[in-house]
Amino acid sequence: MGDASPQVAPASSGRVIFLGPPGAGKGTQAARLAAHMGVPKISTGDMLREAIARGTPLGLQAAPLMEKGGLVPDELLIGIIQERLREDDCARGYILDGFPRTLKQAEGFESMAGGDRTAELLVFSVEVPRPELLRRLSGRRWCPRCQATYHVETNPPKREGLCDRDGMRLIQREDDKETAVARRLAEYDERTAPLIDHYCRRARFHRVDGHRPVDAVFDELKGLLEAAR
Ligand code: AP5
């Protein structure tokens with residue numbers, strides 16, 4: 001066989017970052033793509049909400065910031081990601097949903113993941129018009145046990161108000177209420193949007209139109225993933 005093609009996906013297509021404003025559909029698409037690729041989806045928002053539910057020191061520090069729609073300090077996030085990426089299931093790749101979110105986090109991530117490998121990263125920026133983001137966030141409902149996400153109009157659970165997976169009562173995230181949403185969008189514009197330019201110049205970067213049905217967005221992502229292999 002000599003130098004035949006590798007049997008596993010090369011690292012270049014195994015590490016994916018989702019960028020995009022709150023409500024763009026990052027979590028929805030990251031979960032589907034992770035299942036498709038057989039790699040873990042690492043969502044810093046989910047990790048923080050779990051820490052809050054368990055009342056850990058990280059959760060106690062993050063809760064008041066998240067409720068108001070602010071960002072949690074960079075050092076904390078860089079630390080939890082560094083620890084998570086050391087786990088065995090990340091060896092063949094991973095999908096990052098919600099991290100990095102500031103230039104400082106991007107630099108922290110790149111130094112822990114090998115700065116010279118940034119060009120191999122696949123970065124998707126999911127773009128959705130603002131009125132649609134507001135519609136999605138105000139209608140989102142969430143399962144506090146398994147973190148499944150629904151929407152009252154476009155993706156309702158089978159039984160009203162109850163999670164399809166575990167029957168838990170669905171709730172509205174505290175930070176999906178109006179004032180917190182305004183702050184989250186402002187944080188995105190000011191601190192996360194500059195990452196578009198950052199990765200545009202350093203990684204395999206793609207803008208993806210997220211204002212389409214979930215399946216259409218997913219089909220495009222799969223195509224881009226294939227093209228990167
Ligand atoms: P996080 O949980 O990451 O929230 P976010 O980035 O604001 O993103 P969302 O979860 O709101 O939206 P999404 O893009 O994942 O959309 P989703 O797929 O759910 O972070 C929360 C907070 O944690 C932050 O504000 C911050 O405080 C803290 N934090 C997290 N990471 C941090 C970091 N790195 N640094 C500092 N602080 C951090 O979809 C939204 C809705 O739309 C759903 O109802 C869904 O069903 C629906 N939907 C999805 N796709 C479609 C579609 N194509 N068509 C119609 N509806 C759709």
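Any value given below was found using the heavy atoms of this structure, including those in side chains, with hydrogens, waters and symmetry copies removed. Ligands are counted one by one from 1 in listed order, and the atoms in each one are counted from 1 as well. Only a predicted model underlies this, so the values are computations on that prediction, with no experimental measurement involved.
With sequence neighbours excluded, no residue satisfies side-chain hydrogen bond (donor to acceptor under 3.5 Å, both in side chains) with Asn155. For the side chain to side chain contact (heavy atoms under 4.5 Å, CB included) test, residues two or more places apart in sequence or in another chain that qualify with Ala34 are Lys41, Ile95. Under the side-chain hydrogen bond (donor to acceptor under 3.5 Å, both in side chains) criterion, Arg86 pairs with no residue at all, not counting sequence neighbours.
Around ligand 1 you find Pro21, Pro22, Gly23, Ala24, Gly25, Lys26, Gly27, Thr28, Thr44, Gly45, Leu48, Arg49, Met66, Gly70, Leu71, Val72, Leu77, Gly98, Phe99, Arg101, Gln105, Arg136, Leu137, Arg140, Thr149, Tyr150, His151, Thr154, Asn155, Arg173, Asp175, Arg184, Gly210, Arg212, Pro213, Val214, each with a heavy-atom distance below 4.0 Å.
Without hydrogens or angle criteria, Arg92 side chain to Asp89 main chain gives no donor-acceptor distance under 3.5 Å. Remark: side-chain polar atoms of Glu67 are not paired, donor with acceptor, to backbone N or O of Asp175 under 3.5 angstrom.
For the pair Arg141 and Tyr150, the cation does not sit on the ring face, since its NZ or CZ is not both under 6.0 Å from the ring centre and inside 45° of the axis.
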